[in-house]
Amino acid sequence: MSAPLSTKAEVTPNGIPDETYPGTTITVQPGDILYSSKTLGGAQPIVGHVGIIAGPYNKVYNAHTTGPQMDTLTYYTGIRHKPDDLITVYRHTEGGGAEAAKWADANLYKMWTYVIDPFGWSDIKNNYCSKFVWQAYYYGANKSVSYLPYPSTPGGLYIPPGEISNSPYTRKVASFKASDYSKAMLNKEVKDEKELQAVTE
């Protein structure tokens with residue numbers, strides 16, 4: 001049975017009470033998986049990219065070709081993506097997001113090298129985006145986000161981002177264009193400024 005969608009944040013979001021994804025009423029929560037179809041280049045290109053919401057300020061933890069990243073949603077959507085890139089939010093069908101987020105927070109900077117290695121499921125040092133998200137759920141929450149049930153490891157040589165987005169153990173809860181988040185933040189800043197002026201006048 002799928003866990004109900006919660007609109008209550010489990011930790012304080014990135015400086016914004018009850019932060020929601022643009023155009024939705026879905027609250028940003030630890031363990032949320034952000035998937036986009038962008039392609040990371042380099043010597044080992046991979047189609048798609050995933051990150052996980054974690055840490056005390058709901059940042060996007062992700063393995064990148066330039067190293068482990070802890071991005072604000074503003075930076076992740078506005079810098080790492082093109083304006084028209086579609087970002088889709090997934091959650092595990094059985095919960096466990098908070099536990100996965102704690103694992104990600106504790107292990108992000110144990111990653112040293114971005115490499116799409118065959119197998120090596122327990123190796124944190126050599127990592128890539130979808131493997132890190134899979135590890136967070138597998139080792140942090142004892143849950144699978146691949147095609148196979150826990151405690152099985154993925155059936156292929158590696159786990160592509162699309163396997164997580166199409167896993168029977170994840171469900172889509174929201175989607176938005178990268179530019180939508182920046183617009184939402186700008187509108188909020190304008191609104192807050194007007195409210196502040198009204199109070200001080």
Side-chain angles (χ1 to χ4, degrees), residues 1-38 47-63 69-78 80-81 83-105 129-138 140-150 159-185 187-188:
M1 179 182 294
S2 298
L5 295 183
S6 172
T7 58
K8 182 179 180 181
E10 297 180 32
V11 298
T12 303
N14 189 21
I16 307 166
D18 299 324
E19 183 180 15
T20 58
Y21 293 108
T24 78
T25 59
I26 304 300
T27 304
V28 178
Q29 290 190 3
D32 283 354
I33 300 169
L34 274 58
Y35 168 85
S36 60
S37 59
K38 65 173 291 183
V47 176
H49 186 62
V50 287
I52 182 171
I53 297 292
Y57 298 103
N58 281 354
K59 292 188 176 181
V60 186
Y61 286 43
N62 60 111
Q69 304 295 322
M70 185 191 298
D71 299 329
T72 63
L73 274 167
T74 301
Y75 187 91
Y76 187 77
T77 57
R80 297 211 185 278
H81 291 82
D84 288 334
D85 283 347
L86 184 67
I87 298 174
T88 306
V89 184
Y90 292 87
R91 289 180 182 161
H92 201 283
T93 58
E94 300 174 351
E99 292 78 11
K102 288 179 182 178
W103 187 96
D105 191 41
C129 67
S130 40
K131 176 183 166 184
F132 182 72
V133 172
W134 175 86
Q135 287 176 324
Y137 271 92
Y138 189 86
N142 296 329
K143 296 184 184 300
S144 173
V145 289
S146 71
Y147 291 140
L148 300 179
Y150 181 87
I159 180 167
E163 183 167 343
I164 293 177
S165 64
N166 289 300
S167 168
Y169 306 105
T170 62
R171 71 189 191 283
K172 174 184 173 181
V173 297
S175 63
F176 56 93
K177 287 186 178 180
S179 59
D180 291 342
Y181 189 84
S182 298
K183 291 177 182 177
M185 297 310 298
N187 290 338
K188 184 182 184 305

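Only heavy atoms go into these numbers, but all of them, side chains included; no hydrogens, no water, no symmetry mates.
Minimum interatomic distance between G140 and E99 (heavy atoms only, all atoms of both residues): O-CB, 3.3 Å. Residue A136 comes nearest to I52 through the heavy atom pair CB-CD1, 4.0 Å, listed as atom of the first residue, atom of the second, then distance. Summarising the geometry of G51 relative to Y76, their closest heavy-atom pair is N-OH, 4.0 Å, with the distance given to 0.1 Å. Contact detail for T27 and D32: the closest heavy-atom pair is O-OD2, 4.0 Å. When all heavy atoms of K143 and G95 are compared, the closest pair comes out as CD-O, 3.4 Å. Across V50 and S130, no two heavy atoms sit closer than the pair CG2-CA, 3.4 Å.
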Yes or no on side chain to side chain contact (heavy atoms under 4.5 Å, CB included) for V60 and I53, after CA distance, side-chain angles and deciding distance?
CA-CA 5 Å; V60 186; I53 297 292; 3.8 Å; yes
For side-chain hydrogen bond (donor to acceptor under 3.5 Å, both in side chains), just list the numbers for Y21 and D180, CA-CA rounded to whole Å, side-chain angles, deciding distance to a tenth of an Å, and then say yes or no.
CA-CA 9 Å; Y21 293 108; D180 291 342; over 6 Å; no
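Partners of Y75 by ring pair (Phe, Tyr, Trp, His ring centres under 6.0 Å), not counting sequence neighbours: none found.
No donor-acceptor pair under 3.5 Å is formed between the side chain of S144 and the backbone N or O of P149. Of the possible polar contacts, one joining the R171 side chain to the H92 backbone as a donor-acceptor pair under 3.5 Å is found. A donor-acceptor pair is defined here as one N or O able to donate and one able to accept, closer than 3.5 Å; no such pair exists between the side chain of Y90 and the backbone of A174.
In this structure, the separation between CD1 on I26 and CD on E19 is 13.5 Å, given to the nearest 0.5 Å. Taken to the nearest 0.5 Å, the CD1 atom of I159 stands 7.5 Å off from the OG atom of S167. Note that CG of L34 and OG of S165 are 12.0 Å apart. Values are rounded to the nearest 0.5 Å. One distance of note links SG of C129 with CD of Q69; it measures 12.0 Å at 0.5 Å rounding. Taken to the nearest 0.5 Å, the OG atom of S37 stands 7.0 Å off from the CG atom of L86. Expressed to the nearest 0.5 Å, how far CD of Q29 lies from OG1 of T20 amounts to 12.0 Å.
The closest side-chain donor-acceptor pair between N142 and Y150 falls under 3.5 angstrom. Under 3.5 Å, the side chains of Y61 and D71 contain no donor-acceptor pair of N or O atoms. Checking T74 against T72 by side-chain atom types alone, no donor-acceptor pair falls below 3.5 Å.
Between I87 and T77, some side-chain heavy-atom pair lies under the 4.5 Å cut-off. N62 is listed as a side-chain neighbour of R80, based on a closest heavy-atom distance under 4.5 Å. Counting heavy atoms from C-beta outward, K131 and I164 have side chains that stay 4.5 Å or more apart.
For an aromatic pair to be called close, the ring centres must be under 6.0 Å apart, and W103 with F132 satisfies this. Taking the six-membered ring for Trp and the full ring otherwise, the centers of Y35 and H49 sit at least 6.0 Å from each other.
Under the side chain to side chain contact (heavy atoms under 4.5 Å, CB included) test applied with K172, the options V89, T88, I33 reduce to a single match, T88.
Looking at K177 and D85, no side-chain N of the basic residue comes within less than 4.0 Å of a carboxylate O on the acidic one, giving no salt bridge.
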